[in-house]
Protein chains: 2
Amino acid sequence: MRYHKIPDEAVRRLPLYLRGLLFSSQDLPEKISSRKLADFLGVNPWQVRKDFSYFGEFGTPGVGYNVEKLIKQIKKILKLNVSHKAALVGVGNLGAALLTYPEFKIYGFDIAAVFDNNPKKIGKKMANVVVEDVSNIGLLKKRDVKIGIITVPKSVAQETADALFNAGVRSILNFSPCSIKAPKKIKVVNIDIAMDLVRLPYYMTS
Amino acid sequence: MRYHKIPDEAVRRLPLYLRGLLFSSQDLPEKISSRKLADFLGVNPWQVRKDFSYFGEFGTPGVGYNVEKLIKQIKKILKLNVSHKAALVGVGNLGAALLTYPEFKIYGFDIAAVFDNNPKKIGKKMANVVVEDVSNIGLLKKRDVKIGIITVPKSVAQETADALFNAGVRSILNFSPCSIKAPKKIKVVNIDIAMDLVRLPYYMTS
DNA sequence: CTATGTGAATTTATTCACAGCA
DNA sequence: TGCTGTGAATAAATTCACATAG
């Protein structure tokens with residue numbers, strides 16, 4: 001492997017390769033070729049090989065990739081070899097759904113803190129976590145939570161994000177339909193479900 | 001405007017511009033410059049101008065863009081000048097949350113049909129829609145539903161998609177953590193929340 | 001003979017820089 | 001002067017093609 005700036009797009013695809021490997025490993029043999037993996041995921045074999053090559057040489061020419069080893073290597077690259085605590089703010093319908101979202105723990109994520117501003121919800125136990133008042137977000141500092149999940153209305157999204165940054169949170173998954181301003185060292189990933197739905201009609205030939 | 005193949009990325013950003021315009025129109029004047037709009041959205045002014053230029057000439061040199069007119073034009077490009085019916089399959093936690101997701105109707109989307117395979121849910125009314133048996137998906141043919149939202153477990157995601165295609169659905173928003181195989185004329189947008197969460201640790205410098 | 005890893009070629013997207021209109 | 005629209009320049013990502021290893 002030579003030096004290469006790693007394309008963002010390759011980083012975005014890496015989790016998909018991991019997902020494919022985890023979900024296919026029961027019916028697949030010990031080894032897998034880039035072609036088979038690519039077919040399974042609906043991408044091109046050379047894309048798979050190129051993406052892996054940014055991070056190292058994981059395969060054996062003439063043979064393919066050792067599935068178990070490849071899973072370990074991708075997990076290590078993505079820093080999923082350790083578990084991560086996340087805090088979720090805003091237990092509306094979407095927030096509550098995410099609390100029980102089963103895929104998170106597969107990858108080692110644990111929603112260890114939940115906040116809301118609704119007195120009726122504060123103190124209640126949801127998915128085995130007691131809902132705390134948003135004014136206590138600052139207390140996260142002592143609790144080793146570096147990931148924040150924002151599912152609050154957009155009117156309070158920025159202040160929620162700011163409170164999380166101040167509490168030492170270093171990356172954000174934002175479901176509020178607005179752009180969050182954050183310090184450069186903070187990684188923000190925005191998911192706006194409506195934005196994805198909205199572009200479907202464009203592609204439908206009438 | 002000369003002929004240009006429109007970049008997919010520009011189409012992906014168009015809804016974001018629309019969102020920004022809709023949410024800012026109350027405090028912004030009649031006209032807006034590409035710089036102000038770009039600042040508000042956290043992108044570059046020349047990106048905004050270039051993206052618009054793929055679709056036409058919407059602005060006035062020296063002045064800027066007429067906000068109201070721009071909103072109308074983007075809506076027309078995205079085919080949001082008419083409303084769209086969608087069918088949602090799988091009323092688990094996530095599916096139920098989406099049923100009441102308020103952003104959908106802002107853009108003219110209406111979840112007009114809901115399906116599940118759980119007898120306890122079939123016949124129940126949720127968010128003003130009666131849950132139907134998945135075996136009735138075929139009946140969508142007569143009901144002018146062209147958009148499908150899949151929130152079923154991955155084990156039945158592909159068969160759900162196939163049923164939707166057969167019922168005349170032409171685009172899919174897929175929340176199941178797997179890749180859906182679809183005819184080329186069908187547009188599939190995949191959202192896997194876990195995939196977005198999973199890449200946060202990569203960007204966190206330890 | 002098979003399948004990887006990777007430079008090189010190609011395609012796609014972003015950014016620049018400025019002509020031209022209000 | 002201010003701001004758009006857009007070719008041209010640059011950057012980034014994808015695809016190809018093949019040398020090389022098992």
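These numbers come from the heavy atoms of this one structure, side chains and all, not from hydrogens, waters or symmetry mates. Letters go in sequence order (proteins before strands), and every chain restarts at 1.
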Tabulate atom names and distances for all N/O pairs under 3.5 angstrom spanning the protein and nucleotides 9-11 of chain C.
none

[N] [atom2] sits how many Å from [X] [atom1], rounded?
X       : N      : atom1 : atom2 : answer
B:Lys31 : D:dG2  : NZ    : C1'   : 14 Å
A:Phe52 : C:dT4  : CZ    : P     : 10 Å
A:Glu57 : D:dG22 : CD    : C1'   : 14 Å
B:Leu37 : D:dG5  : CG    : P     : 12 Å
A:Lys36 : C:dT2  : NZ    : P     : 13 Å
B:Leu14 : C:dA13 : CG    : C1'   : 16 Å

Report task. Indicate the ring-plane relationship of A:Phe58 and A:Phe52, choosing parallel, tilted or perpendicular according to the 30° and 60° boundaries. Result -> tilted
Requested in this report: Check step by step if salt bridge (Lys or Arg N to Asp or Glu O under 4.0 Å) holds for B:Arg143 and B:Glu132.
Outcome: CA-CA 14 Å; B:Arg143 285 154 69 185; B:Glu132 301 171 65; 2.9 Å; yes
Requested in this report: List in chain and number order the residues that pass side chain to side chain contact (heavy atoms under 4.5 Å, CB included) with B:Asn117, two or more places apart in sequence or in another chain; answer none if no residue qualifies.
Outcome: B:Val134
Report task. Check whether any side-chain N or O of B:Tyr65 sits under 4.0 Å from OP1 or OP2 of D:dG5, and answer yes or no. Result ->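 For B:Tyr65, the contact criterion (side-chain N or O under 4.0 Å from OP1 or OP2 of D:dG5) is met.
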Query raised in the report: Does the side chain of B:Ser34 get closer than 4.0 angstrom to OP1 or OP2 of D:dC3 through an N or O atom?
Result: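 B:Ser34 to D:dC3 OP1/OP2: no side-chain N or O under 4.0 Å.
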For nucleotides 18-22 of chain C, give me every protein contact, N/O to N/O, under 3.5 Å, one pair per line with atom names.
unit_1 : atom_1 : unit_2  : atom_2 : d
C:dA22 : O4'    : B:Pro61 : O      : 3.1

Query raised in the report: Is there a side-chain contact between B:Phe115 and B:Leu88 (heavy atoms, below 4.5 Å)?
Result: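 Answer no - side chains too far apart.
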Query raised in the report: Hey, does B:Lys154 have a side-chain heavy atom less than 4.5 Å from the side chain of A:Phe23?
Result: yes
Query raised in the report: For atom CZ of B:Arg13, is the number of surrounding heavy atoms from other residues, nucleotides or ligands below 6.0 Å larger than 12?
Result: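 Yes, enclosed.
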Query raised in the report: Counting heavy atoms not belonging to A:Lys146, are there more than 12 under 6.0 Å from its NZ?
Result: yes
Requested in this report: Check the side chains of A:Tyr17 and A:Asp51 for a donor-acceptor pair under 3.5 angstrom, ignoring hydrogens and angles.
Outcome: yes
Just the atom pairs and distances: protein N or O near nucleotides 12-16 of chain D's N or O, under 3.5 Å.
unit_1 : atom_1 : unit_2  : atom_2 : d
D:dT14 : OP1    : A:Arg13 : NH1    : 2.8
D:dT14 : OP2    : A:Arg13 : NH1    : 3.4
D:dT14 : OP2    : A:Arg13 : NH2    : 2.7
D:dT15 : OP2    : A:Asn44 : ND2    : 3.0

Query - Sequence neighbours excluded, every pair satisfying salt bridge (charged side-chain N to carboxylate O under 4.0 Å, His left out) that has a member inside residues 162-190 of chain A - result: none
Requested in this report: Sequence neighbours left out, what passes salt bridge (Lys or Arg N to Asp or Glu O under 4.0 Å) with B:Arg199? Give chain and number order.
Outcome: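 Testing B:Arg199 for salt bridge (Lys or Arg N to Asp or Glu O under 4.0 Å), a comparison that skips the adjacent residues, returns B:Asp196.
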Report task. Would you mind checking if A:Arg19 and B:Asp192 are paired as a salt bridge, meaning a charged N to carboxylate O distance below 4.0 Å? Result ->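 So B:Asp192 pairs with A:Arg19 through a salt bridge.
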